[in-house]
Amino acid sequence: MRSLIRRPAAPEMAIRRDPAPSRWGYRYQRMMLTPLYRNGMRIGLPILLVALIALSWFSHEANRKMLSDTYAEAVQAIHQRPEFMVASLKVEGGTEALQTEVSALVNVSFPVSSFDLDLAALRDKIEAVPAVQGAVVGVQPGGVLTVQVTPRVPVAIWRSEIGLQMIDAAGATVGPLTARSDRLDLPLIAGDGAKDALDEAMAIYAVAGPIAPRVRGLVRMGERRWDVVLDRDQRILLPTEAPVRAFERVIAMAQAEDLLAREVTVVDFRNDNRPTIRMMEPAVMEMRRINAALTGTGK
Amino acid sequence: MRQLYETQRAMRNMRKAAMQRGVIAILDVGTSKIACLVLRFDGPERFREQDGVGSMAGQSQFRVIGAATTRSRGVRFGEVDAMQETERAIRTALQAAQKMAAVRVDHVIACLSGARPKSYGLDGAVDVAGQVVTDQDIGRVLAACDMPDYGYDREVLHAHPVNFALDHRSGMADPRGQIGNRLTTDLHLLTVDASVLQNVLHCIKRCDLECAGLASSAYVSGISSLVEDEQELGAACIDMGGGATSLSVFMKKHMIYADSVRMGGDHVTNDISMGLQVPMATAERIKTFYGGVFATGMDDREMIEIGGDTGDWERDRRTVSRAELIGIMRPRVEEILEEVRQRLDAAGFEHLPSQQIVLTGGASQIPGLDGLASRILGSQVRLGRPLRVQGLPQAATGPAFSAAVGLTLFAAHPQDEWWDFEIPAERMSGRSFKKAVKWFKDNW
């Protein structure tokens with residue numbers, strides 16, 4: 001008997017009779033099971049997709065500009081935060097004149113972001129000042145740019161063809177000097193190569209002792225030995241070797257026999273074994289006169 | 001012959017390549033179902049959880065990572081009947097197994113139950129070349145076996161050297177390194193129809209797979225369902241499949257005889273279908289749910305609804321007693337077993353020291369089959385299930401999968417066959433080399 005109502009097919013008729021995959025479906029599945037393709041699909045394809053999207057976005061000039069502007073703005077916003085702003089300058093160490101000079105050198109218009117400060121360049125600039133031996137530049141909490149200056153300490157005055165200059169123990173120039181009388185506390189050296197033998201000069205000065213007030217300066221002769229120049233145009237010629245010991249002997253002689261108070265122009269100690277003195281003109285005349293009187297000869 | 005030898009060698013190389021890649025598929029082309037397992041090889045002892053029991057028959061080195069079965073279409077009597085259908089069925093099973101394993105499989109080892117296997121026992125003898133037996137001597141003695149004329153349209157599927165004898169000592173498994181003069185061997189040769197093999201190979205090739213081995217299902221189900229002492233002392237494995245019942249006789253761990261009866265569970269179903277006038281699907285369902293071979297008084301009262309989908313009430317409400325069903329099934333089962341009995345008698349099974357008979361395969365699940373079989377085949381009958389292998393799904397541990405499981409063991413540890421031994425030097429390339437020498441002598 002045929003049913004008058006069309007009913008849906010019985011479930012067992014509805015099942016697919018052939019579950020076999022098609023040849024291409026089978027091949028596709030096998031291809032997808034290959035590790036190369038699997039990884040390609042899992043990693044390569046997403047990367048490619050993202051890269052493509054990024055490339056197409058970046059290919060527009062406006063997008064690139066927008067990105068760089070946004071970036072610059074963000075950077076600026078961070079730089080301009082009050083935490084990073086520097087408002088004042090503090091210079092420490094050195095004389096007041098030096099501090100003023102350094103302050104003028106810093107030449108930064110405050111307030112400024114600490115990101116915009118080139119501290120290394122600033123330090124190099126400050127250290128280029130002759131009177132400054134070293135400088136530590138840093139930003140302290142609270143927005144203070146601190147410059148700690150270590151000034152050069154002058155130990156001597158060097159007279160050269162360009163004038164008077166103060167030099168420190170290493171021989172570096174500290175600064176020019178207008179007049180000797182400005183720094184009477186410092187010893188004076190002169191002559192070619194005087195600066196290079198500064199240590200020796202300082203050692204000679206150190207033993208000057210009783211005649212120190214009379215010493216006008218040291219002169220380097222022929223870049224090998226020292227002359228001690230005293231007032232009253234007196235000179236002490238020191239040897240190349242062991243000048244300090246020779247100078248001590250001179251001082252000993254000066255104290256014992258009051259040598260330098262006499263009419264002596266030059267005390268020549270270049271030869272240790274045979275110290276020589278040259279007398280002044282009136283003294284020579286006087287001596288000749290006395291000799292003549294004693295011997296009865298001559299004039 | 002020569003060509004098949006090379007083919008088998010090529011298959012062995014393919015198997016090695018597959019082992020190195022680590023993945024191989026197992027394909028059991030049966031009449032009622034096509035089973036596909038995907039094995040992963042990870043080297044020995046990889047999956048061992050703790051020390052103690054060592055590897056089980058060397059099978060701990062692989063693991064089943066994919067398994068699928070599909071209803072077989074286009075296969076009859078264990079032979080490819082419709083190529084396209086078979087190819088689609090293989091594709092279905094393989095795709096499902098691959099999907100489960102989530103790896104791509106390129107190599108497959110297949111077995112088939114039909115193709116009219118025929119066993120030959122060969123022997124060869126050769127004088128040992130040096131003092132001791134070397135690989136070369138074994139190759140020579142295997143080559144010295146006189147080939148029977150098995151027909152131009154048949155191919156050698158298995159060639160197991162079953163036994164070696166050196167002078168008067170026989171029963172050696174491995175005579176290499178032993179001192180002796182005369183080496184003889186017994187070779188078991190199994191030939192099948194070449195066209196059937198070609199069909200299976202073609203189907204596999206159409207699925208873009210490389211065939212890494214072929215085996216007879218009689219052999220592989222024997223490997224999986226016979227226990228070790230049964231294989232050693234002598235036993236027969238009867239694999240009752242859908243379209244063919246294959247039997248193999250094992251002795252000293254070697255198959256010495258194999259044959260196939262072209263009847264199986266499908267014929268029982270067919271009988272039920274014809275006897276009760278029901279469709280095959282219904283007949284199959286009735287067989288699996290209510291089937292049996294021994295009728296009792298209880299069975300007369302147990303009525304089975306046969307059903308039908310015709311719309312005719314009288315026809316759709318038919319019932320049949322279980323005794324009637326058994327009355328239909330039993331003669332066919334008896335016929336199959338009688339046929340098996342004849343084959344065993346022909347093989348001289350009664351001369352073996354132990355005459356254990358193991359029934360396996362899907363059709364061996366008929367209740368009471370062991371009792372019936374012991375009446376026909378002999379007293380020592382048991383029902384066999386395949387060995388347990390790592391990772392096999394519970395659904396695939398039944399006797400219907402003994403061929404598939406045996407094939408996994410075959411894939412992992414194939415027994416040495418003729419083509420695994422060295423080619424005798426005089427056969428290999430001697431002639432061409434001699435030719436070259438002669439050419440040099442003549443010309444220089």
Side-chain angles (χ1 to χ4, degrees), chain A residues 1-64 66-68 70-71 74, chain B residues 21-23 25 33-34 36 38 40 65-66 68-75 82-108 203-210 279-282 284-285 307-316:
Chain A
M1 205 162 82
R2 276 184 70 176
S3 59
L4 298 173
I5 308 163
R6 177 177 287 177
R7 278 176 300 186
E12 60 198 271
M13 300 308 266
I15 57 166
R16 255 178 81 202
R17 305 305 296 179
D18 184 9
S22 71
R23 204 166 151 75
W24 285 107
Y26 171 76
R27 281 189 178 159
Y28 169 74
Q29 201 210 18
R30 276 171 67 77
M31 198 179 81
M32 280 306 151
L33 283 172
T34 315
L36 191 73
Y37 280 96
R38 266 179 97 80
N39 292 335
M41 282 287 165
R42 226 184 68 230
I43 300 160
L45 207 65
I47 287 176
L48 196 73
L49 211 66
V50 168
L52 268 179
I53 291 170
L55 264 178
S56 66
W57 193 80
F58 274 108
S59 62
H60 291 288
E61 177 65 42
N63 286 338
R64 282 205 298 273
M66 189 188 85
L67 189 77
S68 59
T70 314
Y71 177 73
Chain B
R21 190 177 288 188
V23 178
K33 64 151 181 27
I34 287 179
C36 179
V38 179
R40 194 176 68 207
I65 55 170
T69 56
T70 184
R71 192 170 62 99
S72 181
R73 302 181 292 277
V75 182
M83 293 279 277
Q84 304 293 324
E85 286 293 307
T86 312
E87 184 205 321
R88 291 155 79 83
I90 291 175
R91 222 155 57 196
T92 313
L94 251 163
Q95 191 184 34
Q98 274 186 148
K99 198 168 181 178
M100 179 174 166
V103 288
R104 180 187 164 142
V105 186
D106 288 323
H107 299 89
V108 68
C203 284
I204 289 171
K205 201 175 159 196
R206 288 269 297 169
C207 293
D208 305 333
L209 296 165
E210 305 261 20
M280 283 290 275
T282 316
E284 181 73 34
R285 191 173 60 84
D309 201 25
T310 57
D312 183 351
W313 194 86
E314 287 292 340
R315 190 178 161 79
D316 288 355

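In what follows, chains carry the letters A, B, and so on, assigned in the order in which the sequence lines appear, proteins first and then strands, with residues in each chain numbered from 1. The figures that follow rest on heavy atoms only: side chains count, while hydrogens, waters and symmetry mates do not.
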So that I can tick it off, tell me whether B:Glu87 and A:Arg23 are bridged by a salt bridge, with the cut-off set at under 4.0 angstrom between side-chain N and carboxylate O.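 Looking at A:Arg23 and B:Glu87, the cut-off is met.
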
Relative to chain B, which segment of A:Met31 carries a heavy atom at a distance below 4.5 Å: side chain, backbone, both, or neither?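 The backbone, not the side chain.
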
Report, in residue-number order, which members of residues 39-49 of chain A are under 4.5 Å from chain B by heavy-atom distance.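 Checking residues 39-49 of chain A against chain B gives no residue, so none.
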
Among B:Cys207, B:Ala89, B:Ala96, B:Ala281, residue most engaged with chain A (heavy-atom pairs, under 4.5 Å): B:Cys207

Would you mind telling me which of B:Val105, B:Thr70, B:Leu94, B:Asp312 has the largest number of heavy-atom pairs within less than 4.5 Å of chain A?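 The residue among B:Val105, B:Thr70, B:Leu94, B:Asp312 with the greatest pair count is B:Val105.
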
Side-chain touch B:Arg206/B:Gln84, heavy atoms, less than 4.5 angstrom: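 In short, these two side chains touch, coming nearer than 4.5 Å.
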
If the condition is side-chain contact (heavy atoms from CB on, under 4.5 Å), which residues does B:Thr69 pass it with, not counting sequence neighbours?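 Expected list: B:Lys33, B:Ala35, B:Phe401.
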
Take B:Val103 and A:Leu33 through the side chain to side chain contact (heavy atoms under 4.5 Å, CB included) test and state the conclusion after the steps. CA-CA 6 Å; B:Val103 288; A:Leu33 283 172; 6.0 Å; no

Pairing residues for B:Arg285 by the salt bridge (Lys or Arg N to Asp or Glu O under 4.0 Å) criterion, not counting sequence neighbours: none

Working to the nearest 0.5 angstrom, can you tell me the gap between B:Leu209 CG and B:Ile204 CD1? 7.5 Å

Only pairs at least two apart or in different chains count here, so list each salt bridge (charged side-chain N to carboxylate O under 4.0 Å, His left out) that has a residue in residues 24-40 of chain A.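 Listed once each, the pairs are A:Arg27-B:Asp208, A:Arg30-B:Asp106.
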
